[in-house]
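Heads up: the structure comes next, in structure tokens.
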2 protein chains.
Amino acid sequence: MTRPKYELVADELSRRAGDLAAHDALPSERELMQQLGVSRMTVRRAIEQLVRRGLVYQVQGSGTFVADPAVVTKTLRLTSFTEDMEQRGLTPTTTVRSTGSTGASAEIARRLGIEPGEEVFVLERLRLADGTPMALERVHLPALGIDWASVDPGTSLYAQMAAEGWTVERAAQTIEAVNLDRETAHALDQAVGAAALRVTRVTYTEAGRPVEHAMTIYRGDRYGYDLVISRDAG
Amino acid sequence: MTRPKYELVADELSRRAGDLAAHDALPSERELMQQLGVSRMTVRRAIEQLVRRGLVYQVQGSGTFVADPAVVTKTLRLTSFTEDMEQRGLTPTTTVRSTGSTGASAEIARRLGIEPGEEVFVLERLRLADGTPMALERVHLPALGIDWASVDPGTSLYAQMAAEGWTVERAAQTIEAVNLDRETAHALDQAVGAAALRVTRVTYTEAGRPVEHAMTIYRGDRYGYDLVISRDAG
DNA sequence: AAGTGGTCTAGACCACCGC
DNA sequence: CGGTGGTCTAGACCACTTC
């Protein structure tokens, strides 16, 4: 399975765009076909990727131009805590506070698309970055045919699911601001009442099957949520 | 300018998917070409849109299937406060607290890609939903050749910019949790120290030109930030 | 009028799935 | 093996910008 041609073309164009100044024009699509020896559709598909990354922009009747690099390419991606921290240059670690099984509450069952009372695996983990507590996370996992009790809860859950054929693809999140209660404040080494971000996430496979419900409390003084959004909806 | 054919096909397929159950298969691409009298590329382009919206998913060698509808299609879009509230079934209003011009601070200048001290228009607005204060917003606008002082600050700034040829396309946001200070708490009718969301946004045109810097404080007890994100980066 | 991106066609071959 | 989606070609015409 070699890389498709349009990705190679995208790489090449990405390199060229890097050598140009903002708002400089790239060669026209027809010129690129000849230079690179590919069809126009392949050129267009490559450019389409760069447009989505915010690297170039197109103007009908005029041309394709290098975008101003200020926005960077920090597109919104579904990432794990581990990836997230590593991207910030921090070393992530995890302390497991508790594990176990329970019957799903009405709320959790609704969000996971299962019946209330159905068995779910519950996991509470403290997430640290460079040894400092950053977040407290409570995860609910449906059975999925996985023996969660025998899985090391300190490792990546996504990797475990992937090994069993469940590939996460999409997540719906709600971000809220909350004041820390006594217990959570203590776990995060914060003052009671300090502001924190509560992120509630339901993760889905490509087919829309919910495979994880997670509620995470992030320290407000150490964590911010960065995202780039665009006007169209795809 | 009629709607392109692939959008009509996407509409038709969207209708059909609605009549099917989750995980039912759509007709194959080759069958759809014949049924709809279009080429395969047009069919694929239509399906591509539906995949991005999370409505269907494709499995190579197998087929195209209706996704489980639980995720909804609430994709992340760049919206205004007005659109946002209306989507939640609330009536948005705005109170302008102050307007004026000033020299850009180093931080604001950096983010807007202008020189420190360069003139920016500053606008502070209280945003209400059904009469209840929801957010306090401080906006910094670069000149852009627009006479901001003569613009009604209670209306949509994006609409004003669009009228002058500046189309917003993308925004970078940082979401943080903060405890309300005395002044802001008073404006939002909240207790001092209550948790709130601080959203700092820089808005860009498609070409990457910054056209707005906004810092908005949302009441934590009345506002949550919903978003759907996917694994790939485009 | 010439050149650009936007849409669309009619083919082809490849990689993968399920029988 | 046949059928599926994934990639790719070589054309064509349209809508738009620029001169």
Side-chain angles (χ1 to χ4, degrees), chain A residues 1-13 16-17 20 23-67 165 167 169 205-207 231-232 234, chain B residues 1-13 16-17 20 23-67 165 167 169 205-207 231-232 234:
Chain A
M1 176 222 171
T2 68
R3 285 175 40 114
K5 217 180 265 191
Y6 66 85
E7 283 194 12
L8 302 178
V9 173
D11 289 348
E12 167 63 18
L13 294 182
R16 293 200 192 182
L20 296 174
H23 310 296
D24 280 357
L26 287 177
S28 76
E29 295 178 352
R30 287 165 181 83
E31 203 171 323
L32 287 170
M33 310 176 32
Q34 296 188 350
Q35 287 182 18
L36 305 172
V38 298
S39 76
R40 183 156 167 230
M41 189 197 144
T42 303
V43 169
R44 281 185 64 73
R45 190 140 176 208
I47 293 177
E48 187 190 341
Q49 295 219 327
L50 304 188
V51 170
R52 271 213 296 250
R53 288 187 216 155
L55 226 136
V56 305
Y57 60 98
Q58 295 188 293
V59 181
Q60 179 169 166
S62 180
T64 302
F65 307 91
V66 178
T167 309
E169 171 61 26
T205 64
E206 192 179 32
R231 184 94 188 147
D232 69 22
Chain B
M1 177 222 170
T2 69
R3 291 180 37 137
K5 216 178 264 192
Y6 66 85
E7 281 194 12
L8 302 177
V9 173
D11 288 348
E12 167 64 17
L13 294 181
R16 292 199 192 184
L20 296 173
H23 310 297
D24 281 358
L26 286 177
S28 76
E29 296 177 352
R30 287 165 181 83
E31 203 171 324
L32 287 170
M33 314 176 28
Q34 296 188 349
Q35 288 183 21
L36 304 173
V38 298
S39 76
R40 185 159 166 228
M41 188 196 144
T42 303
V43 170
R44 280 185 63 73
R45 189 137 176 211
I47 293 177
E48 187 191 341
Q49 296 218 326
L50 304 188
V51 169
R52 271 213 296 250
R53 288 186 216 157
L55 226 138
V56 306
Y57 60 98
Q58 294 187 293
V59 182
Q60 177 166 170
S62 179
T64 302
F65 307 91
V66 178
T167 309
E169 170 63 26
T205 63
E206 193 179 33
R231 185 91 188 151
D232 70 20

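Quick note on labels: first sequence line is chain A, next is B, and so on, each numbered from 1.
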Worksheet, complete the sentence: Between P27(A) and the options M33(A), Q34(A), Q35(A), the side chain to side chain contact (heavy atoms under 4.5 Å, CB included) test singles out Q35(A)
Discussion item. If we check side chain to side chain contact (heavy atoms under 4.5 Å, CB included) with L32(A), which of these qualifies: R40(A), R16(A), R44(A)?
Written reply: R16(A)
Worksheet item: When the C1' atoms of the five terminal pairs at each end define the local axes, what inter-axis angle does the helix from dA1(C)-dT18(D) to dG18(C)-dC1(D) show, to 10 degrees?
Response: 10°
Worksheet, complete the sentence: The nucleotide from dG6(C), dC8(C), dG6(D) with an atom nearest the side chain of Q58(A) is dG6(C)
Worksheet entry | Candidate nucleotides dG5(D), dC8(D), dG6(C), ranked by approach to the side chain of P4(A) - the nearest | dC8(D)
Just N and O in the side chain of [X]: are any of them under 4.0 Å from OP1 or OP2 of [N]?
X: S28(B); N: dT4(D); result: yes
X: K5(A); N: dG6(D); result: no
X: R45(A); N: dT7(D); result: yes
X: T42(B); N: dT7(C); result: no

What are the two closest heavy atoms between [X] and [Y], and how far apart are they?
X: A46(B); Y: L13(B); result: CB-CD1, 4.4 Å
X: F65(B); Y: H23(B); result: CD2-O, 3.6 Å
X: A10(B); Y: L50(B); result: O-CD2, 3.9 Å
X: A67(B); Y: G54(B); result: CB-O, 3.4 Å

Starting at [atom1] of [X] and ending at [atom2] of [N], how long is that distance when rounded to a whole Å?
X: M33(A); N: dG3(C); atom1: CE; atom2: C1'; value: 15 Å
X: L50(B); N: dG5(D); atom1: CG; atom2: P; value: 13 Å
X: R44(A); N: dC14(D); atom1: CZ; atom2: C1'; value: 13 Å
X: Q49(A); N: dG6(D); atom1: CD; atom2: P; value: 14 Å
X: E29(B); N: dA15(C); atom1: CD; atom2: C1'; value: 14 Å
X: L32(A); N: dC8(D); atom1: CG; atom2: C1'; value: 17 Å
X: Y6(A); N: dC8(D); atom1: OH; atom2: C1'; value: 11 Å
X: Q34(A); N: dT4(C); atom1: CD; atom2: C1'; value: 15 Å

Worksheet item: How long is the gap from CD on E48(A) to CZ on R45(A), to the nearest 0.5 Å?
Response: 7.5 Å
Item to complete: Could I get the full list of side-chain contact (heavy atoms from CB on, under 4.5 Å) partners for L20(B), not counting sequence neighbours?
Response: D24(B), L26(B), V66(B)
Fill in: Pairwise side-chain contact, T205(A) with E169(A), heavy-atom cut-off 4.5 Å (strictly under)
no
Practice prompt. Please examine the side chains of Q58(B) and E29(B), heavy atoms only from C-beta on, and report whether any two atoms are closer than 4.5 Å.
Written response: yes
Worksheet item: Who pairs with E206(A) by salt bridge (charged side-chain N to carboxylate O under 4.0 Å, His left out), at least two apart in sequence or on another chain?
Response: none
Could you list, one pair per line, each protein nitrogen or oxygen that sits under 3.5 Å from a nitrogen or oxygen of nucleotides 10-13 of chain D, together with the distance?
{"from": "dA12(D)", "atom 1": "N6", "to": "R40(A)", "atom 2": "NH1", "distance (Å)": "3.4"}

Worksheet item: ring-ring contact (aromatic ring centres under 6.0 Å, His included) with Y6(B): which residues, sequence neighbours excluded?
Response: none
Where do N or O atoms of nucleotides 17-19 of chain D meet protein N or O atoms at under 3.5 Å, pair by pair?
{"from": "dT17(D)", "atom 1": "O4'", "to": "G61(A)", "atom 2": "O", "distance (Å)": "3.4"}

